[in-house]
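Every number for a ligand or one of its atoms is a count from 1 in the order of the listing. For the numbers below, each heavy atom of this structure counts, side chains included, while hydrogens, waters and symmetry mates do not.
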Amino acid sequence: MKTQVVIIGGGPSGLLLGQLLHTRGIKTVVLERKTKDYVLGRIRAGVLEQGLVRLMEQAGCAERLHAEGFPHDGTLISYGDEMFRVDFTEHVGTPVMVYGQTEVTRDLYAAREAADAPIVYNVDDVVIHDADGDAPFVTYAVDGVPARIECAFIAGCDGFHGVSRKTIPESVRQEYEKVYPFGWLGVLSETPPVNHELIYANSPRGFALCSMRNAQLSRYYIQCSLDDHVDNWSDDAFWEELKRRIPADQADALVTGPCIEKSIAPLRSFVTEPMRWGRLFLCGDAAHIVPPTGAKGLNTAASDVHYLFEGLSEFYAKGSSDGIDTYSEKALARVWKAERFSWWFTSMMHRFPDQTPFDLKMQVADLEFLRDSVSAQKAMAENYVGLPY
Ligand SMILES: Cc1cc2nc3c(=O)[nH]c(=O)nc-3n(C[C@H](O)[C@H](O)[C@H](O)COP(=O)(O)OP(=O)(O)OC[C@H]3O[C@@H](n4cnc5c(N)ncnc54)[C@H](O)[C@@H]3O)c2cc1C
């Protein structure tokens with residue numbers, strides 16, 4: 001097989017890049033390790049920046065997003081029983097869109113299928129060859145049958161555990177990491193959200209987040225220890241703990257019900273540099289991870305896709321390699337700002353095991369500065385709705 005761009009990974013980064021390139025007539029093959037149903041079963045992000053909404057429009061995949069997504073003009077932040085609001089539209093003139101990553105991925109799969117663009121599922125043993133030369137190729141196997149694709153470029157969109165990042169020699173790769181000493185226990189429940197906007201809660205018992213996917217589907221999280229396990233949490237125990245961490249009036253209004261999904265995710269900040277090695281380009285979680293506080297994971301993947309799409313389009317339309325030569329630099333400049341925001345928001349909202357009384361006072365001062373300062377709210381809003389690209 002031969003194509004222009006091999007995309008490793010059929011998650012949101014790989015599918016969005018493939019669809020955007022398709023609009024410019026650039027041929028791609030997507031290789032995905034799992035089945036489509038497996039990918040669609042993963043419950044992950046739910047808050048989209050306007051940049052990602054625009055990319056979905058550009059890819060011709062935004063019809064359902066606009067019909068079924070919920071624009072949010074602001075968010076609520078609580079500590080103890082105190083709660084205040086940061087109004088995005090008032091401060092920076094832009095809302096965010098609540099629409100699940102699962103739905104984004106579903107729309108992108110539908111578009112790829114409608115375009116009859118190739119996607120190979122259940123691939124094993126993916127190996128990238130000669131990425132630092134002029135004629136790279138990728139080998140893999142499906143059901144034990146080996147295959148090979150020659151290409152001009154490879155987009156490594158295969159997430160944190162994929163092969164792409166590890167293909168870059170250690171002598172070239174510089175990795176930066178911060179692992180947080182807690183995780184998030186998340187549940188999905190077919191109940192109306194407690195509030196029409198998200199609530200980020202700092203409580204003496206730990207962080208909590210009240211989020212949602214739609215008017216009848218809520219997503220709630222509580223900070224938990226890293227050695228905790230979902231089996232330790234009955235539905236009732238989860239709801240009781242959540243109620244203790246949010247303001248009393250919100251706890252009273254909370255509608256509980258059976259949890260249809262329950263999982264624990266560790267929190268990590270991670271960046272690898274550079275995001276390009278020869279003809280291999282890393283995109284999304286393959287290159288960086290943020291703790292989910294602030295909803296930047298999927299959105300930062302989208303800004304990478306934008307820069308890579310622009311670079312590859314310029315290469316094929318004008319023969320210029322300027323865009324791909326500056327891809328890593330441009331993507332990383334924005335990635336680090338999203339890392340900073342996610343780290344700041346995580347640090348302000350969670351209980352850390354080694355926190356001193358001084359550290360706790362600093363958290364409250366940070367929260368009250370945000371509550372009282374228009375400039376601080378504006379800075380938060382600017383980051384939350386997404387820095388420009
Ligand atoms: C549990 C969890 C909860 C999250 N919650 C949030 C949230 O609330 N808000 C937020 O903004 N972000 C959240 N994120 C982050 C967000 O989901 C990711 O940033 C986003 O999925 C990145 O998309 P991606 O396409 O780069 O990577 P992925 O979604 O990881 O997709 C990579 C794809 O590559 C495939 N793959 C892996 N290895 C190979 C291989 N060798 N060959 C072929 N295919 C391969 C995988 O199967 C996968 O389909 C969460 C992440 C996790 C894990």
Side-chain angles (χ1 to χ4, degrees), residues 6-18 29-49 52 96-102 104-105 108-109 119-128 138-142 149 154-167 183-188 198 200 209-213 219-221 230 261-270 275 281-305 308 331 335 338-339 341-342 345-346 384 386:
V6 170
I7 298 175
I8 304 178
S13 306
L15 294 171
L16 180 58
L17 178 67
V29 173
V30 172
L31 301 179
E32 168 54 50
R33 191 169 48 123
K34 301 286 188 182
T35 63
K36 178 175 153 186
D37 285 346
Y38 183 94
V39 175
L40 291 177
R42 290 191 295 225
I43 309 298
R44 291 185 172 178
V47 177
L48 315 188
E49 296 174 353
L52 174 49
V96 289
M97 180 72 94
V98 169
Y99 189 69
Q101 174 171 333
T102 309
V104 169
T105 312
L108 289 165
Y109 271 128
I119 175 157
V120 187
Y121 295 102
N122 287 318
V123 296
D124 278 324
D125 304 328
V126 173
V127 181
I128 298 168
V138 177
T139 56
Y140 61 96
V142 178
I149 316 181
I154 299 155
C157 301
D158 48 355
F160 186 65
H161 300 288
V163 296
S164 299
R165 185 178 67 255
K166 294 169 200 149
T167 301
W184 280 16
L185 167 64
V187 307
L188 193 67
L198 274 70
Y200 289 90
L209 170 61
C210 304
S211 181
M212 71 285 287
R213 293 295 180 266
R219 182 80 168 143
Y220 295 105
Y221 297 94
V230 285
E261 195 262 358
K262 213 180 263 166
S263 53
I264 290 181
L267 268 68
R268 181 198 305 269
S269 298
F270 174 88
M275 286 172 60
F281 299 86
L282 303 182
C283 249
D285 279 18
H288 42 77
I289 298 282
V290 286
T293 335
K296 289 286 156 256
L298 175 62
N299 291 304
T300 309
S303 60
D304 295 349
V305 166
L308 185 53
V335 163
E339 291 282 341
F341 176 69
S342 307
F345 203 17
T346 302
Y384 198 94

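Atom CD1 in I128 sits 5.0 Å away from atom CD1 in I154 (nearest 0.5 Å).
Other residues, nucleotides and ligands contribute only 12 or fewer heavy atoms inside 6.0 Å of the OH atom of Y38.
Of all atoms in ligand 1, numbered sequentially from 1 with element shown, those under 4.0 Å from a heavy atom of G159 are 27 (O), 30 (O), 32 (C). In the vicinity of G297, heavy-atom distances shorter than 4.0 Å reach the ligand 1 atoms 10 (C), 11 (O), 12 (N), 19 (O). Taking a cut-off of under 4.0 Å to the non-hydrogen atoms of I8, the atoms of ligand 1 that pass are 42 (N), 43 (C). Near G162, with a cut-off below 4.0 Å to any heavy atom, the atoms of ligand 1 are 38 (N). Near Y221, the atoms of ligand 1 lying under 4.0 angstrom from a non-hydrogen atom of the residue are 8 (O). For ligand 1, the atoms closer than 4.0 angstrom to any heavy atom of V163 are 41 (N). Those atoms of ligand 1 with a heavy atom of G9 less than 4.0 angstrom away are 33 (C), 34 (O), 35 (C), 44 (N). Using a 4.0 Å cut-off to heavy atoms of L298, the atoms of ligand 1 that qualify are 11 (O), 12 (N), 16 (C), 19 (O).
For H161, the heavy-atom gap to ligand 1 stays at 4.0 angstrom or more. Not a single heavy atom of R219 sits less than 4.0 Å from an atom of ligand 1.
Two residues are said to be in side-chain contact when any heavy atoms from C-beta on lie closer than 4.5 Å; V230 and L185 meet this criterion. Side-chain contact between E32 and V39: present, with at least one pair of heavy atoms (C-beta onward) separated by less than 4.5 Å. Two residues are said to be in side-chain contact when any heavy atoms from C-beta on lie closer than 4.5 Å; Q101 and R42 fail this criterion. Two residues are said to be in side-chain contact when any heavy atoms from C-beta on lie closer than 4.5 Å; T293 and S342 fail this criterion.
The aromatic rings of F341 and Y384 stand perpendicular to each other, their planes meeting at an angle above 60°, with 30° marking the opposite boundary. In this structure, F160 and F270 have perpendicular ring planes: the angle between them is above 60°, well past the 30° mark. Ring planes of Y221 and W184: tilted class, angle from 30 to 60°.
The heavy atom nearest to atom 38 (N) of ligand 1, considering only K166, R33, H288, K34, is found in R33.
Inclusion of N299 in the set of residues having an N or O under 3.5 Å from an N or O of ligand 1 is not warranted. Polar contact with ligand 1: absent for V126 (N/O pair, distance under 3.5 Å). Taking any N or O of Q101, backbone or side chain, at least one lies under 3.5 Å from an N or O belonging to ligand 1. By the 3.5 Å distance cut-off applied to N or O atoms, R44 is counted among the residues near ligand 1.
Contacts with ligand 1 closer than 4.0 Å are made by no heavy atom of Y121, backbone or side chain. The proximity of C157 to ligand 1, defined as any non-hydrogen pair under 4.0 Å, is limited to the backbone.
Scanning the protein for heavy atoms near atom 26 (O) of ligand 1, the closest one is S13 OG, 2.6 Å. Considering only non-hydrogen protein atoms, atom 48 (C) of ligand 1 sits nearest to R42 NH2, 3.1 Å. The protein heavy atom nearest to atom 23 (O) of ligand 1 is P12 CG, 3.5 Å. Of all protein heavy atoms, the one lying nearest to atom 7 (C) of ligand 1 is A45 CA, 3.3 Å. With hydrogens left out, the protein atom closest to atom 1 (C) of ligand 1 is A265 CB, 4.0 Å, a heavy atom. Summary of contacts: the protein heavy atom closest to atom 31 (O) of ligand 1 is G11 CA, 3.6 Å. Ranking protein heavy atoms by distance to atom 35 (C) of ligand 1, first place goes to E32 OE1, 3.3 Å. Closest protein heavy atom to atom 19 (O) of ligand 1: D285 OD1, 2.6 Å.
Shortest non-hydrogen contact noted between V305 and S13 is CG2-O, 3.6 Å. Closest of all the heavy-atom pairs between D158 and V163 is OD2-N, 2.8 Å. Across all non-hydrogen atoms, the minimal contact from Y99 to L48 is O-CD2, 3.5 Å.
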Item to check | Check against side chain to side chain contact (heavy atoms under 4.5 Å, CB included), R44 and L298 | outcome: CA-CA 9 Å; R44 291 185 172 178; L298 175 62; over 6 Å; no
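Judged by the 6.0 Å distance and 45° axis criteria, R33 is not positioned over the aromatic ring of Y140.
Residue pairs meeting the salt bridge (Lys or Arg N to Asp or Glu O under 4.0 Å) criterion with at least one partner in residues 289-305, sequence neighbours excluded, are E49-K296.
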